Amino acid sequence: MKANKFLAFFLAMAMLCALVLTGCGSSSEGGAPGDAASTAPTATGDAAEPEFVLTFNNYNAQTSTMGSFEVPALQMIEENSNGRIKVEGYWSATLLDAGDTFSGVSKGMADISMYMIDLNTGCQVVGTLFNLPYVQPMPVHADMIDILRESLATIPEIQEECEAKNVHLIDLFPVAACCTALTTDKPVLSPSDFSGLKLLTMASLSTYLSTYGGSVISQAPGDWYSSLEKGVVDGDLNHFAALNDFGLTDLMKSYTMYGDNGGVYSCAQCYMINLETWNSLPEDLQLVVADAFTWCDDSLVEKDAETIAATIQSEKDAGKSFYHVEQEDMDVWYEAANIAVDGWKTAAAETGCDSERIWNDYQNIISNYMKNY
């Protein structure tokens, strides 16, 4: 009996070992549903359930030029992460109003958003240097993106200011050089010609315009058309791609362009992400997100250049008035810009940074770029 019990025990243990070994062998072949191996991406590119579900916000419409590149950029993130990231997109202020964008991303109400620097006044005091009037010749729109990216990479205070508020800048890209577009036929050939004009533009230009008798009306893009149509404002300091996108050219009668690049100032836009969200992503997924929005920005700048050229021609064909300050006559505009620059230096210094060095670093980046332009 004892021998038979021993034999039975031995056979039972042998069968158990065989089952364990069989199980190990099958997991190396892909595993049964529910096994850990079955949740990993397969050779055909199938993906597991997303590890990260992110929300994307833009107060502009999905049907805008910007939206037409954002949609494939979000798809790139999902595909290039092999499904590890899923992005839910919200446009037309369905998640955050324009005025709530920076604080909303900071608080995690949206993970990622498009944002125009200084749209929410005071959130990026240092970064507002990108929105100041020109004090020297600048390149055309398509090349300004290189200057912004070098500035973000080499002037640490730009990123640090945002990260102190729980926001990380993914990439910067430029608004094209801005002309003066008016609902009346009036040239603006010197700063003094701003006198009496109420213009849609960035709040950072308030001191600049008021010095010459003009005034700034800072609004969300969705309000621009109505304000122009009702005569609340006289015009817009903006670029032709935006004027076209928002249908504002229908209301304009004259345009004044400046220098070789066509504008008297420009400003920066960005894609930004909640800092906690950014830090939660592994380095490889951070790269996936950054690459997608770099592609988006490059594509948008290229498309804007085409739209600007086409819109200018269309407006000329429509008989609108065009005025131009030649490059050799731009010194009066560069000198006038120092009013805004001095105001920025004071405000930035109050945040504790070396605003003089930051400004000089930025201008040196521009000067060095223009040497080979």
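Residue numbers count from 1 along this sequence. Everything quoted here is computed from the prediction, not taken from an experiment. Computation of the quantities below employed the complete heavy-atom set of this structure, encompassing side-chain atoms and omitting hydrogens, waters and symmetry-equivalent molecules.
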Colleague: Might you point out which heavy atoms bring I308 and H141 nearest each other, and give the distance in Å?
Modeller: CD1-CD2, 4.3 Å
Colleague: Suppose clustering is done on Ile, Leu, Val, Met, Phe, Trp and Tyr with side-chain heavy atoms closer than 4.5 Å. Which residues sit in the same group as L287?
Modeller: none
Colleague: By the salt bridge (charged side-chain N to carboxylate O under 4.0 Å, His left out) test, which pairs, at least two apart or in different chains, include something from residues 217-226?
Modeller: none
Colleague: Would you say the side-chain atoms of S192 and S190 include a donor-acceptor pair closer than 3.5 Å?
Modeller: yes
Colleague: For F102, does its backbone N or O pair with a side-chain atom of S106 as donor and acceptor, under 3.5 Å?
Modeller: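 Pair absent, no side-chain N/O of S106 close to backbone of F102.
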Colleague: Using the ring-ring contact (aromatic ring centres under 6.0 Å, His included) rule, collect all pairs that involve residues 248-277, keeping only residues at least two apart or in two chains.
Modeller: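 Residue pairs passing ring-ring contact (aromatic ring centres under 6.0 Å, His included), neighbours aside: F173-Y271, F240-Y255, Y255-F322, Y258-W333, Y271-F293.
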Colleague: Does E302 CD have over 12 foreign heavy atoms under 6.0 Å away?
Modeller: no
Colleague: With a 3.5 Å distance limit and no angle check, can you tell me whether K345 reaches the backbone of W359 through a side-chain donor-acceptor pair?
Modeller: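 Answer holds: no.
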Colleague: For the side chain of H324 and the backbone of G259, is there at least one donor-acceptor N/O pair under 3.5 Å apart?
Modeller: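 Side chain of H324 to backbone of G259, a donor-acceptor pair under 3.5 Å: yes, one is there.
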Colleague: For T63, what residues pass the side chain to side chain contact (heavy atoms under 4.5 Å, CB included) criterion, not counting sequence neighbours?
Modeller: A61
Colleague: Is it possible for you to say whether W278 and V53 belong to one hydrophobic cluster, with membership spreading through side-chain heavy-atom contacts below 4.5 Å?
Modeller: no
Colleague: What residues form a side chain to side chain contact (heavy atoms under 4.5 Å, CB included) with E328, not counting sequence neighbours?
Modeller: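 For E328 the side chain to side chain contact (heavy atoms under 4.5 Å, CB included) partners, ignoring immediate neighbours, are E326.
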Colleague: Using distance alone, with no hydrogens and no angle criterion, decide if S64 and D245 have a side-chain donor and acceptor under 3.5 Å apart.
Modeller: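 Looking only at side-chain atoms, D245 and S64 do not form any donor-acceptor pair under 3.5 Å.
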Colleague: Roughly how far, to the nearest 0.5 Å, is CE of M66 from SG of C296?
Modeller: 7.5 Å
Colleague: Distance check, rounded to the nearest 0.5 Å: L129 atom CG versus W344 atom CH2?
Modeller: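 If we round to the nearest 0.5 Å, L129:CG and W344:CH2 are 5.0 Å apart.
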Colleague: Any heavy-atom pair between the side chains of D361 and T154 that's under 4.5 Å?
Modeller: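 No, too far: nothing below the 4.5 Å cut-off.
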Colleague: For the atom pair CE (M138) and OG (S266), what is the distance rounded to the nearest 0.5 Å?
Modeller: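 With rounding to 0.5 Å, CE (M138) is 5.0 Å from OG (S266).
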Colleague: Strictly distance-based, threshold 3.5 Å: is any side-chain N or O of N274 a donor or acceptor partner for the main-chain N or O of T277?
Modeller: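 At least one qualifying donor-acceptor pair exists.
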Colleague: Would you kindly confirm whether L243 and V140 end up in one hydrophobic cluster when ILVMFWY residues are joined by side chain heavy atoms under 4.5 Å apart?
Modeller: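 No, no single cluster joins them.
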Colleague: In Å and rounded to the nearest 0.5 Å, what is the CG to CE distance from D185 to M252?
Modeller: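 So the gap between those two atoms works out to 13.0 Å.
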Colleague: Please evaluate residues D143 and Y373 with respect to the criterion side-chain contact (heavy atoms from CB on, under 4.5 Å), reporting the C-alpha separation (whole Å), side-chain torsions for both, the decisive distance (0.1 Å), and the verdict.
Modeller: CA-CA 9 Å; D143 298 321; Y373 195 68; 3.0 Å; yes
Colleague: Is there a donor-acceptor pair under 3.5 Å between the side chain of D111 and the backbone N or O of I273?
Modeller: no
Colleague: Is it the case that one hydrophobic cluster holds both V125 and I339, taking links as side-chain heavy atoms less than 4.5 Å apart, direct or via other members?
Modeller: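 No, because V125 and I339 fall into different hydrophobic clusters, even though each may have its own neighbours under 4.5 Å.
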Colleague: Check the pair V105 / N57 against side-chain contact (heavy atoms from CB on, under 4.5 Å), numbers first and verdict last.
Modeller: CA-CA 9 Å; V105 173; N57 170 77; 5.8 Å; no
Colleague: Between T94 (side chain only) and Y90 (backbone N and O only), is there a donor and an acceptor less than 3.5 Å apart?
Modeller: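 No; judged by distance alone, with no hydrogens or angles, the pair does not exist.
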Colleague: Verify the neighbour count for atom CE of M109: are there more than 12 heavy atoms of other residues, nucleotides or ligands below 6.0 Å?
Modeller: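 Check fails, neighbour count at 12 or below.
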Colleague: Has the side chain of D297 got a donor or acceptor atom that lies under 3.5 Å from a matching backbone atom of P174?
Modeller: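 Flag not set: sc D297 to bb P174 has no pair under 3.5 Å.
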Colleague: Report yes if some heavy atom in the side chain of I312 is under 4.5 Å from a heavy atom in the side chain of M257; otherwise report no.
Modeller: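 Side chain of I312 against side chain of M257, heavy atoms only: contact under 4.5 Å found.
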Colleague: Testing the basics here: between W295 and P72, what is the closest heavy-atom pair and its distance to 0.1 Å?
Modeller: CH2-CG, 3.7 Å
Colleague: With no hydrogens and no angle check, is any side-chain donor or acceptor of Q62 less than 3.5 Å from a backbone partner on S92?
Modeller: no
Colleague: Are I85 and L54 close enough, and set up right, to give a side-chain contact (heavy atoms from CB on, under 4.5 Å), and what steps lead you there?
Modeller: CA-CA 7 Å; I85 299 177; L54 308 182; 3.9 Å; yes
Colleague: May I ask you to test the C270-I117 pair for a side-chain heavy-atom distance under 4.5 Å?
Modeller: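 SC-SC contact between C270 and I117 confirmed.
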Colleague: Closer than 3.5 angstrom, by distance alone: can the side chain of T183 be matched with the main-chain N or O of D234 as a donor-acceptor pair?
Modeller: yes
Colleague: Short question: side chain of T351, backbone of A347 - any donor-acceptor pair under 3.5 Å?
Modeller: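 Pair absent, no side-chain N/O of T351 close to backbone of A347.
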Colleague: Going by heavy atoms in the side chains, are D260 and M330 under 4.5 Å from each other?
Modeller: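 SC-SC contact between D260 and M330 ruled out.
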Colleague: Scan for ring-ring contact (aromatic ring centres under 6.0 Å, His included) pairs involving residues 204-232, sequence neighbours excluded, and state none if there are none.
Modeller: W224-F246
Colleague: Please name the pair of heavy atoms, one in F56 and one in M114, separated by the smallest distance, quoted to 0.1 Å.
Modeller: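 In this case the closest contact between F56 and M114 is CE1-N, 4.3 Å.
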Colleague: For atom CD of E163, is the number of surrounding heavy atoms from other residues, nucleotides or ligands below 6.0 Å larger than 12?
Modeller: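 Yes, because the 6.0 Å sphere around CD of E163 holds more than 12 heavy atoms from other groups.
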Colleague: Restricting to non-hydrogen atoms, name the atom on V216 and the atom on M202 that form the minimum distance, rounded to 0.1 Å.
Modeller: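 What the structure gives for the nearest pair is CG1-O, 3.6 Å.
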Colleague: Check D193 against K186 and note the closest heavy-atom contact, atom names and distance.
Modeller: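 Closest heavy-atom pair between D193 and K186: O-NZ, 3.3 Å.
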Colleague: How about S113 and Y59: does a side-chain donor come under 3.5 Å of a side-chain acceptor?
Modeller: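 No, Y59 and S113 have no side-chain donor paired with an acceptor closer than 3.5 Å.
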Colleague: Are C353 and V126 close enough that some pair of their side-chain heavy atoms sits under 4.5 Å apart?
Modeller: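 Side-chain contact under 4.5 Å: yes.
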Colleague: Are L119 and I217 linked, directly or through other ILVMFWY residues, by side chains that come within less than 4.5 angstrom of each other?
Modeller: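 No.
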Colleague: Quick check: closest heavy atoms across I158 and S151, and the distance to 0.1 Å?
Modeller: CD1-O, 3.7 Å
Colleague: Output, in order, the C-alpha distance, side-chain angles, deciding distance and verdict of side-chain hydrogen bond (donor to acceptor under 3.5 Å, both in side chains) for Q219 and S227.
Modeller: CA-CA 9 Å; Q219 295 180 340; S227 293; 2.8 Å; yes
Colleague: How about L237 and T180: do any of their side-chain heavy atoms sit closer than 4.5 Å?
Modeller: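 Sidechains of T180 and L237: in contact.
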Colleague: Is the shortest side-chain heavy-atom distance between T211 and T207 below 4.5 Å?
Modeller: yes
Colleague: Under the side-chain contact (heavy atoms from CB on, under 4.5 Å) criterion, do L95 and T55 qualify, and how do the steps go?
Modeller: CA-CA 9 Å; L95 183 59; T55 51; 4.2 Å; yes
Colleague: So do D291 and N80 actually touch side chain to side chain, heavy atoms under 4.5 Å?
Modeller: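 No; the side chains remain at least 4.5 Å from each other.
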Colleague: Determine whether L205 and V325 fall in the same hydrophobic cluster, where Ile, Leu, Val, Met, Phe, Trp and Tyr are linked whenever their side-chain heavy atoms lie under 4.5 Å apart.
Modeller: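 In one cluster: yes.
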Colleague: What I want to find out is whether K107 reaches D100 closely enough, with some N-O distance under 4.0 Å, to be called a salt bridge.
Modeller: no
Colleague: So, N244 versus T307: side-chain donor-acceptor pair below 3.5 Å or not?
Modeller: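 Side chains of N244 and T307: no pair found under 3.5 Å.
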